[in-house]
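This structure is a prediction, so every number in the text was calculated from the model and none was measured.
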Amino acid sequence: MKAIQVTQFGGPKELVYTDVEDLVAGKGQICVRLYAAGVNPSDTYTLTGTYAFSIPQLPYTPGLDGSGIVEAIGEEVTNVRVGDRVFIASLVKGHSTGTFAQKVVCDAALAHPLPEHVSFEQGAALGVPAFTAYRALFQRACLKPGQTVLIHGASGGVGLQAVQMAKSHGAKVIGTASRHEGKKLVQQAGADFVIDHVKEATIEDVLALTGGKAPDVIIEFLANKNLETDLKLIAPFGKIVIIGNRGSIEINPRLAMQKECDILATALWNAPKEEYEQSIHGVIGMLTSGALRPIIGTTLPLQQASQGFEQVEKGLGNGKLVLIID
């Protein structure tokens with residue numbers, strides 16, 4: 001079968017489209033014929049060989065998320081059957097051969113039902129983005145209906161799903177984006193207001209949108225640039241949840257004291273087993289009801305995985321980047 005294989009750590013040029021041996025499902029495992037795979041920032045970090053959360057043994061096939069049809073099941077597998085449509089979310093500890101391939105073999109517990117109304121491309125956009133958005137909003141920020149949430153960088157794969165989840169929960173949503181195409185996607189996702197990224201000079205403009213009411217929750221994807229502004233904008237006793245960061249920042253802790261706000265962080269790898277399972281049920285419920293509808297930004301054939309990694313590293317494009325598997 002065809003797959004992307006990495007034989008040495010480095011950059012996108014190390015992603016080689018090649019023939020690999022066919023896979024066989026063992027005890028407690030399934031084999032899934034994949035039709036799409038999602039590209040996450042964490043995949044690019046893993047490729048460097050320096051990512052603290054994941055240093056795979058070489059050679060390896062990248063990819064945590066994907067979707068397709070169950071082709072075979074091993075002994076003692078009861079949660080899926082041959083022919084089922086599933087999405088794969090292989091972040092938690094367990095066996096997976098990587099989703100950047102025509103087939104994946106993984107522990108059966110990593111496969112979840114994909115409703116008929118959800119495309120394979122949308123299914124590949126779940127996994128890391130969906131569970132991250134769910135954890136940030138409901139397990140870290142404890143978002144309540146009626147609250148206002150600012151999603152600071154809402155046009156990405158996680159941000160767009162966070163917009164949809166927050167809206168389905170009865171929150172008022174402000175989404176930010178830097179490009180016109182991104183703003184259109186945030187609007188499509190259902191945000192009440194779509195604006196440029198908030199800076200200190202534009203805080204009053206944000207407050208004007210909500211009648212002077214500051215956000216109760218801020219979801220932050222670039223904390224090294226925005227955290228001090230977030231502290232000035234957040235409502236008293238509010239919560240700032242950091243999902244992304246690319247450097248250091250100097251802040252005045254007195255700003256947090258004045259608001260008595262919480263600065264929280266999340267990395268899905270840290271989720272306790274019980275909370276991770278709760279997020280699975282929550283995401284599947286929203287997916288089944290139609291409240292969650294992953295928005296695809298760019299699609300590329302599996303052969304162009306290296307181009308996809310370059311786009312992710314440079315922050316190009318909006319929405320979720322998905323690889324189509326022939």
Side-chain angles (χ1 to χ4, degrees), residues 1-7 9-23 30-48 51 54 56 59-71 85-91 96-106 110-112 114 118-133 155-161 181 185 268 287 293-326:
M1 71 171 191
K2 295 291 187 180
I4 297 295
Q5 191 166 68
V6 175
T7 58
F9 295 118
K13 64 181 179 62
E14 305 300 342
L15 301 172
V16 178
Y17 182 73
T18 187
D19 289 298
V20 299
E21 291 185 7
D22 278 342
L23 303 170
I30 62 173
C31 179
V32 177
R33 168 63 169 96
L34 294 167
Y35 292 97
V39 181
N40 297 301
S42 61
D43 296 318
T44 68
Y45 308 152
T46 299
L47 182 60
T48 67
Y51 190 38
S54 176
Y60 80 100
T61 292
L64 299 172
D65 302 333
S67 63
I69 296 176
V70 178
E71 188 174 83
R85 302 173 83 250
V86 296
F87 71 91
I88 305 299
S90 52
L91 183 68
S96 174
T97 58
T99 58
F100 291 7
Q102 290 178 319
K103 298 179 183 179
V104 63
V105 163
C106 64
L110 305 180
H112 311 291
L114 186 69
V118 182
S119 71
F120 288 121
E121 289 84 359
Q122 290 176 309
L126 295 165
V128 171
F131 297 150
T132 296
S155 61
V158 180
L160 291 169
Q161 295 192 56
E181 297 80 5
L185 291 180
L268 197 54
L287 197 64
R293 309 170 305 283
I295 297 174
I296 309 303
T298 301
T299 60
L300 294 170
L302 180 63
Q303 298 92 315
Q304 296 180 23
S306 59
Q307 182 179 330
F309 271 47
E310 290 173 357
Q311 289 188 24
V312 170
E313 287 180 342
K314 295 176 181 177
L316 302 176
N318 299 285
K320 181 64 181 179
L321 195 155
V322 171
L323 301 176
I324 306 301
I325 303 171
D326 187 2

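Within the 4.5 Å cutoff, side-chain heavy atoms of Pro56 are placed close to those of Phe9. For the pair Ile325/Lys2, no side-chain contact is recorded, criterion being any heavy-atom separation below 4.5 Å from C-beta on. The shortest distance between side-chain heavy atoms of Leu323 and Val39 falls below 4.5 Å. Leu47 places a side-chain heavy atom less than 4.5 Å from the side chain of Tyr60. Phe120 places a side-chain heavy atom less than 4.5 Å from the side chain of Leu114. Between Thr46 and Pro62, the closest side-chain pair of non-hydrogen atoms is not below 4.5 Å.
Between the OG atom in Ser96 and the CD1 atom in Ile88 there is a gap of 7.5 Å [rounded to 0.5 Å]. Atom CG of residue Leu64 and atom OG of residue Ser54 lie 7.0 Å apart, to the nearest 0.5 angstrom. With rounding to the nearest 0.5 angstrom, the CG atom of Asp65 is 7.5 Å from the CG atom of Asp43. If you take CG on Leu15 and OG1 on Thr61, they are separated by 10.0 Å, rounding to the nearest 0.5 Å. Interatomic distance, Leu160 CG to Ile295 CD1, rounded to the nearest 0.5 Å: 5.0 Å.
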Side chain to side chain contact (heavy atoms under 4.5 Å, CB included) between Leu302 and Ile4, worked out:
CA-CA 8 Å; Leu302 180 63; Ile4 297 295; 3.7 Å; yes
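In this structure, Phe87 and His112 have tilted ring planes: the angle between them lies in the 30° to 60° band. Ring planes of Phe100 and Phe309: perpendicular class, angle over 60° (limits at 30 and 60°).
At most 12 heavy atoms of other shown residues, nucleotides or ligands fall within 6.0 angstrom of atom CG in Asp326.
In terms of modelled atom types and a separation under 3.5 Å, the side chain of Gln122 and the main chain of Ile296 share no donor-acceptor contact. Side-chain atoms of Thr7 never come within 3.5 Å of backbone atoms of Pro59 as a donor-acceptor pair (strictly under, hydrogens ignored). Within the 3.5 Å criterion, the main-chain N or O of Pro41 finds a donor-acceptor partner in the side chain of Thr44.
Taking all atoms of both residues into account, the shortest heavy-atom contact from Ala125 to Pro294 is CB-CB, 3.8 Å. Here the shortest heavy-atom pairing between Val104 and Gly98 reads CG2-O, 3.5 Å. Nearest heavy atom pair, residue Leu110 against residue Ser90, reads CD1-CB, 3.7 Å. The two residues Ala3 and Ala101 come nearest to each other via the heavy atoms CB-CB, 3.5 Å. For Val86 against Ala111, the heavy-atom pair with the smallest separation is CB-CB, 4.3 Å. Among all heavy-atom pairs drawn from Glu121 and Ile324, the shortest one is CG-CD1, 3.5 Å.
Listed by first and then second residue, the side-chain hydrogen bond (donor to acceptor under 3.5 Å, both in side chains) pairs involving residues 306-324 are Asn40-Lys320, Ser155-Asn318 (not counting sequence neighbours).
Checked against side chain to side chain donor-acceptor pair (under 3.5 Å), Glu71 has the following partners two or more places apart in sequence or in another chain: Lys103. For the ring-ring contact (aromatic ring centres under 6.0 Å, His included) test, no residue two or more places apart in sequence or in another chain qualifies with Tyr17.
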